[in-house]
Amino acid sequence: MLVSWNTTNQCNMFCDHCYRDAGARLEDELTTEQARDLIDGMVRAGFRIMIFSGGEPLMRPDIYELARYATDKGLRAVLGTNGTLITEEVARELKKAGFMVAGVSLDSLDPAKNDEFRKLEHAFDLAVQGMLNLKKAGLPFQVHTTVMDWNVDELEKITDYAVEIGAMAHHVFFLVPTGRGKNIEEEALRVAAYEKTIARLMDKQKACPIEIKPTCAPQFIRTADKKNIPMRFSKGCLAGISYCIISPKGDVQPCAYLDIPLGNVKETPFDEIWRNNAVLQKLRTMEYEGKCGACDYRERCGGCRARAYYYSQGNIMAEDEWCLYNPPGWGRQ
């Protein structure tokens, strides 16, 4: 079970695809004490991995203190960052605070394309230096790439670069139109390209020494099975089942791309929201509609609930229309 907390809305970038529409700090973000209460609730709820993300989490002054608190409570602390603020000193402090892994964003090997997407001059160079600083400090890191129509052809090369620079994994994120991502929805891969790209990544995994994981693309479970590729992942879409996210203000959502507030941790302890919320309970039934409900991969894939929600205009249990797979017997009269 893993949970992600958007520690702050503040960010030194203004990325085209940001689901949180990050930039400026919000006045009512969780205080240090409220964040400690949140962490306590995560522990009571049985979570084991806590992702500190943003915005840019390194812009939150108490990030080291809270990471240490989470680690002392038995959580595995993970950092989700754009990497541009990771100096050698910051890398050492992250290691000392108890972070076990850092995920660093890199969307193209062409610095100009990467910087344009991230809306920050020298973003590529700074992120790469950040990764090198993490490596020097002995803190494992992985590369995170958001795949779009303009960078899809270089994914394997980015994986090769991740291996070269010393990353432990390459996680490829498929766009779900939320936040600022709605403005570039037309740049997202469409159905056939989506399936083809998942297949390419799984083919790359066969000969790759590091982990490759398509994210927000739960159909990779089926593809890996068909290609006889062993994976450590047993479930595709985790939203509301073994994963959720908390906003900088304390709003709980089933996942980053399902913008459905389930309650606020300032008012209700996190573990109570996780245990009792009706939307989460519905997601846990896995009683999906259409092909997803009839699919032999229903429990292991589940379809992307956020994408199903977006393209069905609000039905979290709808069929994921981006999946080309027809379950056995589907469509027969």
Side-chain angles (χ1 to χ4, degrees), residues 1-2 48-49 101 103 142-147 152-153 155-160 162-163 167-176 188-243 254-258 283-312 316-332:
M1 292 175 62
L2 69 160
R48 293 292 177 265
I49 302 173
V101 180
Q142 56 194 42
V143 173
H144 290 174
T145 300
T146 297
V147 58
V152 65
D153 291 336
L155 293 179
E156 290 90 345
K157 292 180 180 179
I158 298 175
T159 298
D160 291 338
V163 173
M168 62 179 290
H170 183 203
H171 287 198
V172 180
F173 291 74
F174 287 73
L175 183 75
V176 179
L189 301 185
R190 288 299 182 252
V191 180
Y194 169 76
E195 287 272 355
K196 181 179 179 181
T197 303
I198 294 172
R200 280 174 47 204
L201 291 171
M202 292 299 91
D203 284 338
K204 181 67 174 177
Q205 180 69 90
K206 291 179 182 179
C208 184
I210 66 173
E211 174 184 280
I212 301 174
K213 181 183 183 292
T215 301
C216 297
Q219 291 81 10
F220 85 90
I221 294 283
R222 164 176 50 81
T223 303
D225 274 6
K226 300 295 185 184
K227 293 179 178 291
N228 296 313
I229 301 171
M231 303 289 289
R232 69 180 177 91
F233 307 100
S234 58
K235 176 70 175 170
C237 183
L238 307 178
I241 298 172
S242 58
Y243 170 79
C255 84
Y257 308 105
L258 269 173
L283 284 166
R284 291 165 194 162
T285 67
M286 291 186 276
E287 294 175 354
Y288 309 126
E289 299 175 11
K291 283 198 304 183
C292 287
C295 188
D296 44 327
Y297 282 91
R298 177 175 65 89
E299 294 188 4
R300 295 185 58 216
C301 170
C304 176
R305 292 300 95 211
R307 196 170 285 114
Y309 178 82
Y310 179 83
Y311 288 102
S312 70
I316 59 171
M317 306 304 283
E319 171 184 314
D320 181 354
E321 296 180 3
W322 279 42
C323 181
L324 287 180
Y325 180 64
N326 285 322
W330 179 255
R332 294 178 185 171

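Here the closest non-hydrogen pair linking Val143 and Ala162 is CG2-CB, 3.7 Å. Smallest separation of non-hydrogen atoms from Ile210 and Ala167: CG2-O, 3.4 Å. Of all non-hydrogen atoms in Cys292 and Glu319, the two that sit nearest each other are SG-CA, 3.9 Å. Nearest heavy atoms, Tyr288 versus Gly302: CE1-CA, 3.5 Å. Scanning all heavy atoms of the two residues, the minimum distance from Cys216 to Val176 falls at CB-CG2, 4.3 Å. Across all non-hydrogen atoms, the minimal contact from Pro218 to Gly303 is CG-C, 3.4 Å.
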Which is it for His170 and Ile158 under the side chain to side chain contact (heavy atoms under 4.5 Å, CB included) test, yes or no, and what are the steps along the way?
CA-CA 8 Å; His170 183 203; Ile158 298 175; 3.6 Å; yes

For side chain to side chain contact (heavy atoms under 4.5 Å, CB included), just list the numbers for Met1 and Arg48, CA-CA rounded to whole Å, side-chain angles, deciding distance to a tenth of an Å, and then say yes or no.
CA-CA 6 Å; Met1 292 175 62; Arg48 293 292 177 265; 5.6 Å; no

Going through the checks in order, is the side chain to side chain contact (heavy atoms under 4.5 Å, CB included) test met by Tyr257 and Phe173?
CA-CA 12 Å; Tyr257 308 105; Phe173 291 74; 4.3 Å; yes

Check the pair Lys291 / Glu321 against side chain to side chain contact (heavy atoms under 4.5 Å, CB included), numbers first and verdict last.
CA-CA 9 Å; Lys291 283 198 304 183; Glu321 296 180 3; over 6 Å; no

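In summary, Lys206 and Asp203 engage in a salt bridge, as defined by a charged side-chain N under 4.0 Å from a carboxylate O.
Every salt bridge (charged side-chain N to carboxylate O under 4.0 Å, His left out) that Glu195 has, sequence neighbours left out, goes to Arg222.
Shown are Tyr325, Tyr194, Tyr297; of these, the side chain to side chain donor-acceptor pair (under 3.5 Å) with Gln219 is made only by Tyr194.
The distance from atom CG of Leu175 to atom CZ of Arg307, rounded to the nearest 0.5 Å, is 7.5 Å. Atom CE of Met231 is separated from atom CG of Asp225 by 10.0 Å, given to the nearest 0.5 angstrom. One distance of note links CE of Met317 with OG1 of Thr285; it measures 4.0 Å at 0.5 Å rounding. With rounding to the nearest 0.5 angstrom, the CD1 atom of Ile316 is 9.5 Å from the CD atom of Glu289. To the nearest 0.5 Å, the span separating CG on Asp153 from CZ on Arg200 amounts to 6.0 Å.
Between the side chain of Asp296 and the backbone N or O of Pro327, no donor-acceptor pair lies under 3.5 Å. Remark: the backbone N or O of Gly236 is not paired with any side-chain donor or acceptor of Arg300 at under 3.5 angstrom.
If you look at Trp322 and Tyr311, their ring centroids are closer than 6.0 Å.
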